[in-house]
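Notes for the one structure printed next.
If you read the sequence from its start, that first residue is 1, and numbering goes on from there.
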Amino acid sequence: MRLLLLLGAAVLACLCLMVPHASATALTYKLHPSEHQCFYLHNEKKASKVAFYFAVQSGGSFDVDYKVTGPNEKIVLEGAKERQGDFVFTANDIGEYSFCFSNDMSTFAEKMVDFEIAIENEARAELPSKQGTSPEHLSSLEESLFKLSGQLSTISRNQKYFRTRENRNFSTVRSTEGRIFNFSVIESLMMVTMSCLQVFIVRFFFQGARKGYV
C-alpha cells in the first residue's frame, strides 16, 4: 500500500513537471449597453502561444463583438455577434496585445462575459532517470503523462462549456417563467373584465325589460 502511494506521488510530481508553464488571467466582466472595453497583455517573447477564451454568460441574445489586435495595430482575431470562442494563436511580435469586447448592438441589455487570456510556454521538462531504467521506458512514461495533461485540459474546457450552457438554459427558464407569469396576469385581468362586462350587459337588459313592461 505504501509502495502504491509513493508511486502515485511520483507520477503526480512528474506530471507537474511536464505541464507547460503558463501565465493566465481569468476574469468576469459586466459589459454595459453600447460599451467598448479592452484588456491588454504584454508579450515578452517571440513565438509565444497565446490562448484566448470567452463566453457570454447572460444578457440579451448572449452575443458580443470581439477583436484581438497586435502591437502594430494588426488584427489577429475578429468576430461579430459571437456567443463564445476558444482560440490559440502564435504571438510573433513582442509588445502589447489588446483584447476588446463591444456591446454596441445592445441598447438596454447588459452582458456578463467570462474570459481567460494565457501565455503558454511549451518547453518540456526532462524526467529524472534512474540507473537500470531504459530510455524507451522513460519515453513511454513521458508520452503517457502528456496525454494525461491533454485530457485534463479537455476536461477543463468541457467544464467551461457546460457551465456556459447551464447559465444560458437557466436564463431561458427565467425568461419563460416571466412570460408565463405575465400571460397569467393578463389572462386573469381579461377574465375579470369580461365578467364585469357580462354583469353590466345582463343588468342593462333587465332594466330595459322593466321599462318596457311599465
Side-chain angles (χ1 to χ4, degrees), residues 11-12 15-16 18-41 43 48-70 75-91 97-122 143-187:
V11 171
L12 288 176
L15 181 60
C16 292
M18 300 300 294
V19 174
H21 174 71
S23 58
T25 301
L27 296 173
T28 300
Y29 184 79
K30 181 183 288 187
L31 200 63
H32 295 282
S34 303
E35 182 181 2
H36 182 85
Q37 183 65 40
C38 294
F39 302 87
Y40 301 93
L41 173 70
N43 179 36
S48 297
K49 292 292 185 64
V50 179
F52 174 50
Y53 167 82
F54 75 91
V56 182
Q57 300 294 340
S58 64
S61 300
F62 300 94
D63 55 356
V64 72
D65 300 340
Y66 69 93
K67 181 189 292 186
V68 180
T69 308
I75 297 177
V76 181
L77 297 170
E78 187 177 15
K81 295 183 178 180
E82 296 288 343
R83 294 189 170 187
Q84 67 183 64
D86 194 354
F87 311 98
V88 177
F89 64 91
T90 302
Y97 285 78
S98 63
F99 301 79
C100 299
F101 297 101
S102 177
N103 194 23
D104 291 335
M105 80 287 290
S106 298
T107 308
F108 303 102
E110 296 179 342
K111 306 290 179 63
M112 190 70 68
V113 183
D114 284 353
F115 66 95
E116 183 176 355
I117 304 169
I119 298 180
E120 299 178 355
N121 182 9
E122 295 185 344
E143 293 300 326
S144 299
L145 291 176
F146 267 93
K147 287 181 181 179
L148 182 58
S149 175
Q151 292 174 357
L152 291 176
S153 299
T154 302
I155 292 174
S156 176
R157 293 178 186 275
N158 289 335
Q159 286 179 338
K160 292 178 181 179
Y161 172 75
F162 286 118
R163 179 191 174 191
T164 303
R165 288 288 303 271
E166 180 185 7
N167 291 335
R168 291 175 182 170
N169 292 337
F170 184 69
S171 178
T172 302
V173 169
R174 285 190 300 177
S175 177
T176 304
E177 182 182 6
R179 293 179 182 180
I180 292 175
F181 176 77
N182 294 334
F183 180 78
S184 301
V185 171
I186 294 174
E187 184 180 13

Restricting to non-hydrogen atoms, name the atom on [X] and the atom on [Y] that form the minimum distance, rounded to 0.1 Å.
{"X": "D104", "Y": "S34", "result": "OD1-O, 3.5 Å"}
{"X": "L31", "Y": "S102", "result": "CD2-C, 3.8 Å"}
{"X": "P33", "Y": "A109", "result": "CG-O, 3.6 Å"}

Distance, nearest 0.5 Å, that separates [atom1] of [X] from [atom2] of [Y]:
{"X": "Y40", "Y": "T69", "atom1": "OH", "atom2": "OG1", "result": "9.0 Å"}
{"X": "Q37", "Y": "K30", "atom1": "CD", "atom2": "NZ", "result": "14.0 Å"}
{"X": "T90", "Y": "K49", "atom1": "OG1", "atom2": "NZ", "result": "5.0 Å"}
{"X": "T28", "Y": "E116", "atom1": "OG1", "atom2": "CD", "result": "10.5 Å"}
{"X": "S175", "Y": "F170", "atom1": "OG", "atom2": "CZ", "result": "12.0 Å"}
{"X": "F52", "Y": "L77", "atom1": "CZ", "atom2": "CG", "result": "7.5 Å"}

Discussion item. Can you tell me how the ring of F101 sits relative to the ring of F54, calling it parallel under 30°, perpendicular over 60° and tilted otherwise?
Written reply: perpendicular
Item to complete: Please list all pairs passing the side-chain hydrogen bond (donor to acceptor under 3.5 Å, both in side chains) test where one or both residues lie in residues 52-66, with sequence neighbours left out.
Response: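 Residue pairs with at least one partner in residues 52-66: Q57-D114, Q57-T164, Q57-N167, D63-K111.
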Item to complete: Determine whether more than 12 heavy atoms belonging to other residues, nucleotides or ligands lie under 6.0 Å from atom CD of E166.
Response: no
Worksheet item: Are any of the side-chain heavy atoms of F181 and E177 separated by less than 4.5 Å?
Response: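 Not in contact.
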Worksheet entry | Close side-chain approach of I119 to Y97, heavy-atom, < 4.5 Å |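 Result no, sub-4.5 Å side-chain heavy-atom pair not found.
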Worksheet entry | Step-by-step side-chain contact (heavy atoms from CB on, under 4.5 Å) determination, F87 to V68 | CA-CA 11 Å; F87 311 98; V68 180; over 6 Å; no
Fill in: Residues which pass salt bridge (charged side-chain N to carboxylate O under 4.0 Å, His left out) with K81, listed by chain and number, not counting sequence neighbours
none
Worksheet item: Do N103 side-chain atoms and E35 backbone N/O form a donor-acceptor pair below 3.5 Å?
Response: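 Judged by distance alone, no pair lies under 3.5 Å.
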